[in-house]
Amino acid sequence: MGWHTCLDEYEKLVIRMTTPRVVIDNAVCPTATLVKVDSARRHGILLEAVQVLADLNLSIKKAYVSSDGQWFMDVFHVTDLNGNKLTDESVISCIEQSLETTDPDRSHKFDGLTALELNGTDRVGLLSEVFAVLSDLQCDVVDAKVWTHNGRVASLIYVKDRNSGSPIEDSQQIDRIEARLRNLLKGDNDIRSAKTSVSMAVTHTERRLHQMMFADRDYERKPILQHKVDSPVVVTVQNWAEKGYSVVNVQCKDRTKLLFDVVCTLTDMQYVVFHATINTAVDKAYLEFYIRHTDGSPISSEPERHRVIQCLQAAVERRASEGIWLELCTSDRQGLLADVTRTFRENGLNVTRAEISTMMDMALNVFYVTDAIGNVADPKIIEAVRQKIGLGNLNVKGLPLIYHEKAEREEKAVGVGGAVLSLGNIVRRNLYNLGLIKSYS
């Protein structure tokens with residue numbers, strides 16, 4: 001009897017040691033909420049914590065990570081997307097519950113759906129063709145994410161059978177879906193690298209997209225189009241021989257989910273973060289990591305160092321928002337995505353990133369678009385597309401930095417005789433037409 005009592009107490013101790021302890025503090029810092037996580041150290045524990053915060057769309061302004069022996073401590077300074085401290089009790093409770101669970105597959109959002117994984121060469125109109133094929137095959141798209149980088153595309157699309165509303169389990173139907181999508185992706189010269197797969201497994205969508213692009217070796221490819229980058233991603237890797245660490249520094253433009261993208265890549269490359277410091281200032285981010293391989297060794301060769309630099313640069317760039325940010329909010333219907341993306345294609349717009357979701361009977365979709373060769377799309381074309389799809393349904397939510405830079409420059413007069421029209425006024429008029437400023441006079 002005493003033995004069973006001891007065993008119960010021992011089991012409680014094990015659970016207490018292996019379950020993260022979470023403290024959320026709004027009193028210490030005047031500008032951010034502190035989220036403190038203490039846990040026994042194991043591979044992937046940092047990624048799990050960062051993933052919870054990223055999935056809630058929280059901004060990480062500062063962070064400190066330290067492991068002492070077998071113990072791990074993280075401190076995150078977080079705000080909401082508006083830069084405010086967290087006051088919503090439901091959000092705070094969600095953070096606590098999510099971080100304290102030991103189940104890595106927390107979300108059941110995609111239960112009852114079939115996952116389609118697509119890899120291939122990106123091209124204008126590809127997404128339109130993919131959604132048209134799925135519509136033709138009686139597949140309803142419930143959720144999807146599409147990333148493009150260095151001329152490659154990766155997409156994770158969750159579908160259900162249109163007629164039954166159930167997952168697609170018929171092997172012949174699955175074979176048809178895979179074959180038709182593979183034909184689209186391989187095009188004329190991408191027979192070997194085009195990949196499609198159908199799965200019932202539940203996975204974290206954005207981590208899986210990183211894994212797919214990493215496996216596709218997008219980091220080794222050169223961009224098809226060279227864009228002017230306003231804030232390049234700078235990555236350095238050095239070894240600290242005395243302590244046996246490799247020190248990785250990343251400097252780039254700050255954005256949401258940046259830390260997740262970096263930590264996700266390091267984790268999937270089989271590196272362990274022992275210590276880290278993350279700081280942000282205005283729109284810049286400075287990240288420093290002290291890492292080792294899972295076997296305890298630091299980076300040991302120049303080719304490996306170069307590969308880490310390439311992979312981290314790619315991880316940051318994949319989610320970079322190139323193009324005009326369009327948001328579609330309308331009643332969901334059969335063939336909606338095929339129709340919308342076909343309109344983009346017919347007007348010479350290329351989708352560089354997309355996030356598709358449905359809630360009840362509403363479609364909530366985000367697209368980042370450029371022109372056919374990767375430059376900023378003409379506002380007149382954007383307006384024509386909005387007219388076609390519906391001004392109340394498709395809205396411009398954000399513009400590339402180049403638009404705002406032009407509007408803020410000193411006005412340069414262009415014209416003939418007494419008719420003078422400034423470049424600044426032209427740009428401001430375009431912003432006004434797109435609904436992003438109230439006046440351009």
Side-chain angles (χ1 to χ4, degrees), residues 37 39 41-51 53-54 59-69 71-78 149-150 204 206-207 209-211 213-215 217-221 229 231-281 283-320:
V37 185
S39 173
R41 182 164 60 82
R42 59 179 172 80
H43 186 52
I45 184 68
L46 174 60
L47 176 59
E48 290 179 19
V50 174
Q51 180 177 302
L53 301 177
S59 293
I60 299 175
K61 300 302 183 183
K62 291 183 180 180
Y64 307 96
V65 175
S66 181
S67 61
D68 183 9
W71 202 251
F72 203 71
M73 183 181 73
D74 309 331
V75 179
F76 303 99
H77 293 236
V78 304
H149 181 243
N150 285 353
H204 186 271
E206 293 173 344
R207 183 176 185 183
L209 285 171
H210 276 301
Q211 291 171 343
M213 286 205 138
F214 176 77
R217 304 176 82 91
D218 68 317
Y219 55 88
E220 292 182 342
R221 302 174 187 266
V229 180
S231 182
V233 181
V234 179
V235 181
T236 61
V237 178
Q238 297 175 313
N239 275 1
W240 188 10
E242 278 184 40
K243 300 295 184 179
Y245 291 120
S246 292
V247 184
V248 177
N249 280 278
V250 180
Q251 295 184 27
C252 60
K253 185 176 181 179
D254 188 29
R255 59 167 173 76
T256 57
K257 303 191 179 183
L258 173 63
L259 183 58
F260 170 81
D261 293 336
V262 174
V263 173
C264 177
T265 299
L266 288 172
T267 303
D268 285 335
M269 292 180 73
Q270 300 303 305
Y271 293 106
V272 178
V273 176
F274 285 83
H275 304 278
T277 303
I278 288 83
N279 281 297
T280 60
D283 64 342
K284 303 295 182 185
Y286 307 89
L287 300 83
E288 185 173 65
F289 303 91
Y290 293 77
I291 66 171
R292 294 178 184 145
H293 280 288
T294 50
D295 65 6
S297 62
I299 293 170
S300 58
S301 69
E302 181 60 25
E304 182 186 2
R305 187 186 76 87
H306 183 62
R307 184 167 177 262
V308 169
I309 291 173
Q310 283 185 314
C311 290
L312 290 180
Q313 286 175 332
V316 174
E317 292 168 355
R318 287 170 194 147
R319 205 196 292 266

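Counting from 1, the numbers follow the sequence of the chain as shown.
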Looking at [Y], is its backbone amide N or carbonyl O close enough to the side chain of [X] to form a donor-acceptor pair, meaning the two atoms are under 3.5 Å apart?
| X | Y | answer |
| --- | --- | --- |
| T267 | V263 | yes |
| E304 | I299 | no |
| N150 | D218 | yes |
| R207 | C264 | no |
| R255 | V316 | yes |

Validation row: [X], [Y] side chains within 4.5 angstrom (heavy atoms):
| X | Y | answer |
| --- | --- | --- |
| E288 | N249 | yes |
| V262 | F289 | yes |
| V250 | L258 | no |

Q: List the steps, then state whether salt bridge (charged side-chain N to carboxylate O under 4.0 Å, His left out) holds for E206 with R318.
A: CA-CA 11 Å; E206 293 173 344; R318 287 170 194 147; over 6 Å; no

Please list, chain by chain and in numerical order, all residues satisfying side-chain hydrogen bond (donor to acceptor under 3.5 Å, both in side chains) with [X], sequence neighbours excluded.
| X | answer |
| --- | --- |
| Q211 | R208, D268 |
| E302 | R305 |
| E220 | R217 |

Check: residues 60-67 side-chain donor-acceptor pairs under 3.5 Å, at least two apart:
residue : atom : partner : partner atom : Å
S66     : OG   : H275    : ND1          : 3.3
S67     : OG   : F274    : O            : 3.1

Q. Which atom pair, heavy atoms only, marks the closest approach of Y286 to A281?
A.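 Minimum heavy-atom contact is CE1-CB, 4.4 Å.
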
Q) Rounded to the nearest 0.5 Å, how far does OH of Y271 lie from CZ of R292? A)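 Nearest 0.5 Å value for the CZ-OH distance: 14.0 Å.
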
(Q) Just to verify, what does H306 make a ring-ring contact (aromatic ring centres under 6.0 Å, His included) with, not counting sequence neighbours? (A)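 Per chain and number, H306 pairs via ring-ring contact (aromatic ring centres under 6.0 Å, His included) with no residue.
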
Q.
The criterion is ring-ring contact (aromatic ring centres under 6.0 Å, His included); which residues satisfy it with F260, sequence neighbours excluded?
A.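 For F260, the residues satisfying ring-ring contact (aromatic ring centres under 6.0 Å, His included) (neighbours in sequence not counted) are H204.
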
Q: Give the C-alpha distance, both sets of side-chain angles, the deciding distance and a yes or no for side chain to side chain contact (heavy atoms under 4.5 Å, CB included) between V37 and F72.
A: CA-CA 8 Å; V37 185; F72 203 71; over 6 Å; no

